[in-house]
Novice: 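Quick one: this structure, given as C-alpha cells, is what I'll be asking you about.
Lettering follows sequence order; numbering is per chain, from 1. In this text, all values refer to a predicted model and were calculated from it rather than measured experimentally.
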Amino acid sequence: MRGILGFVLVAQLLSVLLFAIGFFPQKNVMNGNATFSINKKLQEETKQPFKKLVLIVIDALRSDFLFDESSSNFHFVHSKLNSGEAWGYTAYSNPPTVTLPRLKGITTGSTPNFLDALLNVAEDDSSSNVKDQDSWLKQFHSKGYRMRFFGDDTWLKLFPLEFFNDYEGTNSFFVSDFEQVDLNVTRHIPRQLEKTEDWDVLILHYLGLDHIGHKGGANSKFMPAKHREMDQIVGKLYDNLDEDTLLIVMGDHGMNDAGNHGGSSAGETSAGLVFFSKKLSKFKIPIRQLNARLPITSNSSDYQYLTQVQQMDLVPTLAALYNVPIPKNSVGVIIPDFLQLLDPNIIDTKLLENYKQLLELSKVEYDDELFNLNVFDLEKRSECQRIMKTLQEKLIAATTEYDYTMLAIGCFMSLVLTLVMAIFSFFQMASNKYFFASVLLASILGFSCFGSSFVEEEHQIWWWVITGCLFISAAKTMHYFEHSVILLCLRLIRGWNNTGQKTVYPYVISKILEENSTLQWNLNALTFFVISLNGNQNSMWGFISSSTLGILCLAYKATWAVVNKEIVPWYIQNIMDNCASFFQDGNKKDYSSTLIPMASFFLHSVAAIIFFTLLWGKFNKHHPSFSLKCISKYVTILMMFLSSSVNIPQFLIFEIMRSFISKILKKHYNSNIYLTSLISLCLQNFAFFQFGGTNSIATIDISNAYHGISENYNIYVIGVLMVLSNFAPSIYWAMFSWDIIYDIKETNFNKWASFTKSKIPTSLFNCIVGLCLMLACVMFRYHLFVWSVFSPKLCYFVGWNLFMNAIFGWVLEVLLLSITN
Amino acid sequence: MSKQRKSKQPIKKRVTFSDDTTVTRQSHGHKKDSIDHEHPPVFVRKTWLTIPYHLIALLYYYIYGSEFDSTTLLFCLLPTQVAYLIVQFNKCTIYGNKRLKINYSLLLVSIFASLLLSVPAAIIAVLFGAPVVNKLFETWLLGLHASFLSYPVIYSVFNCDFKVGLWKKYFITIIVGGWISCVVIPLDWDRNWQTWPIPVVVGIYLGAFVGYTIGSYI
C-alpha cells in the first residue's frame, strides 16, 4: 500500500514537472548582431550628439520617488527638470518586475520571459545570461566604446566581462544593508571623474533603495535620506561632466507600498527615467514637462508622471543617439523627443531603421511602398511612429510558444493518477466521511485555481475553510471554550501580516511589533521560554538541549536585530553579550563579526542534537513518539531561527493552538488519522500565507536565507535555507500531526500503517488540485494574468509538492521513522 | 409573562442553556398528559406563516433602492422585525400546548437585548475575520444587523424558558449565511457592493430568510 502511494507521489511530481517544462519553454530569440540596413554610408558617417554616457540605475526607483512632491527628495533632479536640462519620463517596466528580467529588457530591449523571474531568485548563472544576445552594450563594445561598471553583480553575470575595462560587483542579497552596498559603488566615482578620458560609458547600479523598500516599505523612514544621497551623487556627476555626455538616471522597476516587486501593479511597473545633459536645454522640452512644475503634486495613485514611455524604448533611443544599430530583439521605439537631437539628415533614416527592425521581429515583410525615404514628411513621420507603437504593443502581447505535447502528457498523466488515487483512497478510507471531506477540500481549492483573484487571495480560502470547519466542529461537539480559543488564536495569526494582493491593512500586528521593539522582544523571549519548556517537563535531556538551543537562537536573533539598528531590552542584551563573548576574540564590542560564527554554531548544534537524540532513542529502544517529539521541538527552534523576528511570537500562538487542537482531536475524534492529516494540511497552508507568503514571486523571502553564511557562500546551502525559511510555519504544522499519528497511547500501534494512512488524504488533495491547476493553466494560457498569476501559482505548486510533500513529508519522515524503533 | 409564571412556582427554578432535544422531539406527538408543567415543550409550528417575506423586500430595497446603505436598512429592519414577530413568528411559537400572547414589555426588553447582543455579534464577526481597526463601525453595523435579524428568536428565548437549544439553529443559519457570502469578497471585480460589510449583510439576510423559513423543519 505504501508502495502504491509512493508511486503516485513520484508519478504526480513527474506529471507536474513535465507540464511545467511545456509551460515555461525558453523563448526563441534571434541570434546574431544587428547592422545598419538602410543608408549605411550616411549612418556611419553621421555626427552623433553625445560622446559619453553615464547610466545610473537605482534599483526599484519608482516614478513618484523622482517626481512626486509628497515622496520625492531628489531636489537637484527637480531643479534640472525645471530648467530644461533634464527630461523626465515614467517608464513602464514589463512584469515580471524583478531585477534580472528588467536588466535584460533595458539592455536588449526584449520582453522578458517568466523563467527569468525565477532565475533572478535562484541566481543561476548558466541559462540566464545574454552573452549571445544582441544588446546595446554589445553594440557599444563592438564600436570600441570603453565601458565601466560598478554596482549590482547581476550585470556581470549577464554580460561577458570583457565588455568592461573596469568593474566591481556588489552583492544584492544582504537585504538588510542599506549603506555599505551603495558606498561600495560611490567610492569609485571620484576616480572616474578624475580621468574622464579613460572611459566612454559608465554604468552604476545602486541597490540600497531597493533594500530599504524590502525592509521597511515604500514609506520607510530611511527613504528620504537615501533619496538625498542618490540626488547628491547625480548632482556631483552632472556638475563634473561636459556637454557631450548624456547622464541617465532610471529605476529598473518600481515597488508596491509594502516594498515588494515582481507583480504587475501600477507601483511595480512604473519606474522613473530622467535624461540629463546641458545640451538638452537647447532643444524643445517634452510637451508634458513644459506645463509641469517639479515636484508634481498629484493626488491619484497611478504613478503616472510626465510623458509615459516603455522602458524598452531606451534601447533604440540609445542606439540612435550613439549611432549604433538597434539590437535585434528590441521591441523599443525611439522616444520621439530625442529625434530633434539627431542630425536632420538622418532622422528619417533612423526612424525607418527602427521600423524595419520591428517588422523583422514581428516576421512581417518590409513594404517599400508604405514608407519611402524620398517622400518622408512630418505627416509620414508621425504615421510611422504610430505604426511602430502598434507593432510594439503586438510584440509585447505576443506570448511565448507553449510545448503542447508536454502539456498534454502532463495533463493526461495527472488525470489518470487522479482517477487511480480517487478509487484507491475511496476503498482505503471506505465508508468514511473523511474521504468526502478530502475531496470537498480539494475541489474547493481546485475550483479556486480557475479564478485569478482566488489564486491571488488564496489565504482567504484557507481562512474560510478553517473557520467553517471549526464552526461545524464547535456545533457538533459543543465544546465552545476550546473552539473559541482556537478561533481567537487563528484570528490573531490572520491579523499578523498583510498577505495577498488586494488589501493592505495599515494596522497589522507585525507593524505594531516593529514599532514597539520592547514589546516585540519581550514576546520573543516569552516564546522561546515557552517553546523550550513546554512538553519537556519530564525529560532532563530534552529540557537542557532545547533551552540551550532556545537561548542561543534568541541571542542570535537579538544580535541580528542590534546589527540592523533595532533596540532590544536590557535582559536580552545581557544574554546577547554573554553569548557573544564566546564568539569574539578580545573585548571589542563588534556584534556584526559574531553573527556568522554564532549562526553556524547554532546550525551545527541543531544537527548534532538531533543526531544524538536519534542515537539515544535507538540505543534505549524508546517509543518512536518520544524521539519524534524531541526532534519536532528542535526543528521548531530552527524554524524560529529562520523566521523574521516579528513573526517569532506566532510560534507561541501556534503552540497554544496545537495543544487545544490535539486535545479536541483526541477527545472528540478518537485521534482520527485522516482528520489529523487534513487539519495539518489546512494549517500548513494557512500559516504559510499568514507569515507573509503569497502566490506571487515577489514575496519569496530571501532575507532569512543568509544566516550563518559567509561571503564566499555556497548557493545550495542558501537555497536550502531559503526554502526552509519560506516554509517555516508549514513545517511546524506538518510536525504537529506527528503527535497524534504516532501516539504512544495507541494500542496495537504500527508506525508504517499510521504513516500510510496519514498520507492518503494529502496525496488525493495534491492529485486533484494539481489536475485543476494544469487545466486552468491550459485554459488561461492567453489570459492577461498568465505570467503574473497562473505561472507563479504553478511554480508554488511545484514548490509545495516537491518540498513540503515529497522531501519533508516523505523522504525525511520515512528516514526518521526507519531510524526510530 | 414567563416571569409571572415562574413566580407562582414554588419549586426550584432551573434555567437551561443546553440543547434540550427531548423537548423538541416531543413536539411531533405532544399530548396533554405528557406535558411537564415546569418545562413544557416549546416548538415552532410547521407553517407557511414563518416565512419572513419582509427580509426579501428589505434586500430588494437594499440592493436596488438604497445603493447599499446599511444604516437605512437597519432602521427599516427594526420595525419590520417587530411586526414579523407579532404578526407571524409569535403565532407559530407553541409553548406547552398554547400560543403565548405578545408580552409588550418583553418586546422592548428584547430590542434592548438585541442592541447589547450586537457587541458579541460583532466580536464573533471579528473572530471570523472581520476587519477590526479601520472598519470597526462597519463591523459593528454588521453585528447590529445580525442581532436584529435574530430579534424574534431573542424574544422567544426570553419568552420560553431560555431554551437556547431549540433556538440555536436560527443563530446558526444566520452565521452560515454570512460565512458563505464571504466568497465574493476576494474577487477582483471592483464592484461597490464588494466593500465591507455589504456582501455579508446580504448573506446574513439570506441566511435568516432560510433559517426562519425552514427552521421548524430542522
Side-chain angles (χ1 to χ4, degrees), chain A residues 264-265 444 447-448 450-472 474-478 480 483-495 498-509 511-512 686 689-690 694-695 784-785 788-789, chain B residues 16-21 120-139 146 163-192 194-200 203-204 207 211 215 218:
Chain A
S264 47
S265 72
I444 292 174
F447 174 75
S448 78
F450 289 90
S452 61
S453 31
F454 284 134
V455 175
E456 282 175 341
E457 305 288 302
E458 196 183 321
H459 66 286
Q460 301 274 30
I461 297 171
W462 288 106
W463 169 257
W464 192 71
V465 167
I466 289 174
T467 48
C469 293
L470 203 63
F471 184 73
I472 293 168
K476 219 180 106 187
T477 59
M478 294 199 294
Y480 300 114
H483 289 89
S484 312
V485 172
I486 295 170
L487 188 59
L488 181 68
C489 290
L490 284 168
R491 184 64 180 87
L492 281 175
I493 290 167
R494 182 184 152 93
N498 276 311
T499 179
Q501 265 125 66
K502 203 178 170 193
T503 40
V504 177
Y505 295 109
Y507 301 100
V508 284
I509 297 174
K511 274 259 150 50
I512 295 167
F686 172 69
F689 286 109
Q690 295 310 325
T694 60
N695 280 329
L784 184 64
F785 293 155
S788 58
V789 175
Chain B
T16 171
F17 285 89
S18 73
D19 192 1
D20 207 348
T21 44
I123 291 174
I124 289 174
V126 166
L127 283 179
F128 272 84
V132 195
V133 183
N134 44 346
K135 298 254 174 133
L136 189 61
F137 175 72
E138 283 86 346
T139 305
K163 283 197 171 49
V164 182
L166 170 67
W167 305 107
K168 200 169 68 175
K169 57 198 174 194
Y170 291 97
F171 297 111
I172 288 176
T173 51
I174 292 174
I175 295 179
V176 168
W179 180 75
I180 291 174
S181 65
C182 290
V183 175
V184 300
I185 295 178
L187 290 171
D188 62 350
W189 298 345
D190 293 330
R191 302 295 159 85
N192 55 349
Q194 275 177 299
T195 45
W196 185 258
I198 296 165
V200 187
I204 57 176
I218 305 173

Novice: For chain A, which candidate among B:Ile172, B:Ile180, B:Leu127 shows the most heavy-atom pairs at distances under 4.5 Å?
Specialist: B:Leu127

Novice: Please look at B:Ile175 and chain A and tell me whether the side chain, the backbone, both or neither of the residue comes under 4.5 angstrom of a heavy atom of that chain.
Specialist: side chain

Novice: Would you mind checking which part of A:Ser452 comes under 4.5 Å of any heavy atom in chain B, side chain (CB onward), backbone (N, CA, C, O), both or neither?
Specialist: side chain

Novice: Could you check whether atom OH of A:Tyr480 has more than 12 heavy atoms from other residues, nucleotides or ligands sitting under 6.0 Å from it?
Specialist: yes

Novice: Should A:Tyr505 and B:Val133 be marked as a side chain to side chain contact (heavy atoms under 4.5 Å, CB included) after you check the CA-CA gap, both sets of side-chain angles, and the distance that decides it?
Specialist: CA-CA 9 Å; A:Tyr505 295 109; B:Val133 183; over 6 Å; no

Novice: Quick one: closest heavy-atom pair of A:Glu457 and B:Pro186, and the distance?
Specialist: CB-CB, 3.6 Å

Novice: Classify the angle between the aromatic ring planes of A:Phe471 and B:Phe128 as parallel (below 30°), tilted (30 to 60°) or perpendicular (above 60°).
Specialist: perpendicular

Novice: I'd like to know which of B:Asn134, B:Ile185, B:Val126 tops the heavy-atom pair count under 4.5 Å against chain A.
Specialist: B:Val126

Novice: Select one option (side chain, backbone, both, neither) describing which atoms of A:Trp463 are under 4.5 Å from chain B's heavy atoms.
Specialist: side chain

